[in-house]
Amino acid sequence: MLDLNDKVTWVGKIDWDLRRFHGDEYSTHRGSSYNSYLIRDQKTVLIDTVWTPFAKEFIANLKKTIDLKKIDYIIMNHSEVDHSGALPELMKLIPDTPICCTANGAKLLKAHYHADWKMIEVKTGDTLDLGENKLYFVEARMLHWPDSMMSYLTGESILFSNDAFGQHYASEHMYNDKVDSAELYQEALKYYANILTPFSSLVVKKIDELLSLNLPISMICPSHGVIWRENPIQIVNHYMKWAKGYQENQVTILYDTMWNATRTMAEAIAAGIKEKDQDVTIKLFNCANTDKNDILAEIFKSTMVVMGSSTINRGILSALAAILEMTKGLGFKAKKAAVFGSYGWSGEATKVISEGLSASGFEVVNEGLKLLWVPDEEGIDQCRAFGNELAEKI
Ligand code: FEO
């Protein structure tokens, strides 16, 4: 439990153990938290709950903070199980408590739990009078689910943003000004890159809408990670920047290799780029032994992505194939790309990667470079020349 002020208490769960989220789709090297908040005004409101495995612990702790029967409303900003997972246990104890959510939220909660809970459907502009303060609701459809919404507490000027502005980052400190700012930035960017990239145009619209309301904001309380207390608008500004085709002066070289020939090519290409451009940051990753979500965050930051694979069974190696598939879904914008790879006889890999990148919206800048078997001195020179050429196109 953590009192944010005399009205709002954090009643969530810090999950230090979490290393995989969304099944195996998102790595959480620094754990996460499921943030739930209790507002005590003349009315008492619980905002969101926690993931299912922590339901009993959550309720036991909540009981130490408040008599559950005093909870007048539950606000479900989002029905995904990491926030709604404790509802079934909680509703066994307070079955008549109304749940406020969007119309889509009501449908999704029903589809998940098949229960006849009392729902109050809210939409943007609706308010819930708590006594001294009000909760003002803002729908945030497809940020990142159809049901997503945010709730703003007037008076205290707190935005409960749910997944938006979150990070998978466990910390007992719970405030942005008390944690390592570089770690926090890294986790917030990784979260945006891996979850919100496909919805960037909606992010811009939603932030414009929020800013046009001219609401004072003292804190932004997301549903994962730490609370933005010091200069909370910084994360809003980061989101705006990330949503508008964010790029750093970075080239990311991704490869998958069977016997190191393609790795040798990757390193020679990197050297070739560096010969022509001393300023650009070049990062190399072997997809087979690098975390896929970390790679996607690096792609997000890059101006150019260079992908290589050996040819296997007329296709590409599986770790790079997974990255290519995820890249397609995320829909990165305004990035250049090039391809390379070693082959033994048929040599389809470069074509497969090139087609995949084009289909994902990358601008593939040339035909790519494929070399037979293991590159010799002449092959290394070709790779360096290829890198020189890419440097001109960054
Ligand atoms: Fe944190 Fe979309 O759930």
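This is a predicted model, so every value here is computed, not measured. Counting starts at 1 for both ligands and their atoms, in listed order.
When NE2 of His144 and NE2 of His78 are joined through atom 2 (Fe) of ligand 1, the resulting angle is 100° to the nearest 10°.
Residue Asp82: no N/O/S atom is found under 2.8 Å from atom 2 (Fe) of ligand 1. Within the coordination shell of atom 2 (Fe) of ligand 1, defined by N, O or S atoms under 2.8 Å, His83 is absent.
The line from CG of Leu213 to OG1 of Thr124 is 9.0 Å long, rounded to the nearest 0.5 Å.
Looking only at N/O/S atoms, Glu80 comes nearest to atom 2 (Fe) of ligand 1 through OE1. Atom OD1 is the N/O/S atom of Asp163 found closest to atom 1 (Fe) of ligand 1.
A 4.5 Å side-chain heavy-atom check between Tyr239 and Gln234 finds every atom pair outside the cut-off.
Taking the centre and axis of the six-membered ring of Tyr343, the NZ or CZ atom of Lys370 falls inside the cone set by 45° and 6.0 Å.
No hydrogens or angles considered: nothing links the side chains of His168 and Thr28 as a donor-acceptor pair under 3.5 Å.
Between the side chain of Thr49 and the main chain of His83, a donor-acceptor pair closer than 3.5 Å is present.
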